[in-house]
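What follows is a single structure, written as structure tokens, with notes after it.
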Amino acid sequence: MSMMNESAKRDLLRYKKNSGAALLTYLAIVFDALYFISVYSSDFGSTSNADKTVVLYQWLIGISIVYNLLFLLAAFLSSEGVKNYKIGFSFLLILMGIGQLVRIFVIPAIARFGTVEQMFERGIFNEITDEHIAYVLEQTGRTIPIIEQGQFIYMCICLMASAAFCIIAGVLAFIKSTTLKSYMAELKKRGSKT
């Protein structure tokens, strides 16, 4: 009975779209949108040219905008691809999920701690001490944090959720795509024997 049930489930894949992986991809898009709304609503630089971080944030925010546009486009196209069991899109989703995790160490880390090294020295979710603020003021001419602890945690959660949804969608799409592919090969083999 269970063998017949398994065969029926695999046969159903031929007629049913992979909507679960597509839905997870849409959720990844939503969390990415929540992240970049938080980023772009922050004050990432003063009008002073003496502040060295202004130049950094001009090009860094520009790169972030372009990356977000590419992420949204690739995620939407991937959602359509995984719906139709195209295995290549599952790998793309996994790579995009890893990319979302890497983004934690770019704008959120720099805006909160000054540098990635400082983030690990001070502790990722610890409050910043007065000594750290004095150090960054001495190095850059500006006080930090550019973002507060709550916003940093919110941004990290958004990126981690987006990454998790991308990776889970990619893995789910890979499993279902390979299952369907092997079932189709099995049917073809059976058909050629008759």
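- Residues Ile87 and Leu172 are members of separate hydrophobic clusters, defined by side-chain heavy-atom contacts under 4.5 angstrom among Ile, Leu, Val, Met, Phe, Trp and Tyr.
- There is a path of hydrophobic side-chain contacts, each under 4.5 Å, that joins Ile175 to Ile94.
- In terms of heavy-atom proximity, Tyr35 sits nearest to Pro108 at OH-CD, 3.6 Å.
- Rounding to the nearest 0.5 Å places CD1 of Ile168 at 10.5 Å from OG1 of Thr25.
- A distance of 11.0 Å separates CE in Met160 from CZ in Phe31, rounded to the nearest 0.5 Å.
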side-chain contact (heavy atoms from CB on, under 4.5 Å) between Gln100 and Phe71, intermediate numbers included: CA-CA 9 Å; Gln100 291 294 78; Phe71 176 86; 3.7 Å; yes
List the steps and the verdict of side-chain contact (heavy atoms from CB on, under 4.5 Å) for Tyr67 and Arg103. CA-CA 10 Å; Tyr67 181 85; Arg103 290 178 77 188; 3.3 Å; yes
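- For the atom pair Ser79 OG and Asn84 CG, the distance stands at 10.0 Å (nearest 0.5 Å).
- Listed for the Ser162 side chain is no donor-acceptor partner under 3.5 Å among the backbone atoms of Cys158.
- Shortest non-hydrogen contact noted between Tyr40 and Ser64 is OH-OG, 3.2 Å.
- Closest approach of Ser90 to Val82, counting heavy atoms only: N-CG1, 4.1 Å.
- Note that NZ of Lys86 and OG of Ser78 are 12.5 Å apart. Values are rounded to the nearest 0.5 Å.
- Taken together through direct or relayed side-chain contacts under 4.5 Å among Ile, Leu, Val, Met, Phe, Trp and Tyr, Leu70 and Phe76 form parts of separate hydrophobic clusters.
- Taking every heavy atom of both residues into account, Glu80 and Tyr26 meet most closely at OE2-OH, 3.1 Å.
- Phe36 is connected to Ile65 through a chain of hydrophobic side-chain contacts under 4.5 Å among Ile, Leu, Val, Met, Phe, Trp and Tyr, so both are in one cluster.
- Looking at every heavy atom in both residues, Leu24 comes nearest to Phe165 through O-CB, 3.3 Å.
- The CD1 atom of Ile63 sits 12.5 Å away from the CG atom of Asn68 when rounded to the nearest 0.5 Å.
- In this structure, OH on Tyr154 lies 10.5 Å from CG on Leu159, to the nearest 0.5 angstrom.
- A distance-only check finds no donor-acceptor pair linking the side chain of Ser177 to the backbone of Phe174 [under 3.5 Å].
- Here the closest non-hydrogen pair linking Cys166 and Ala28 is SG-CB, 3.5 Å.
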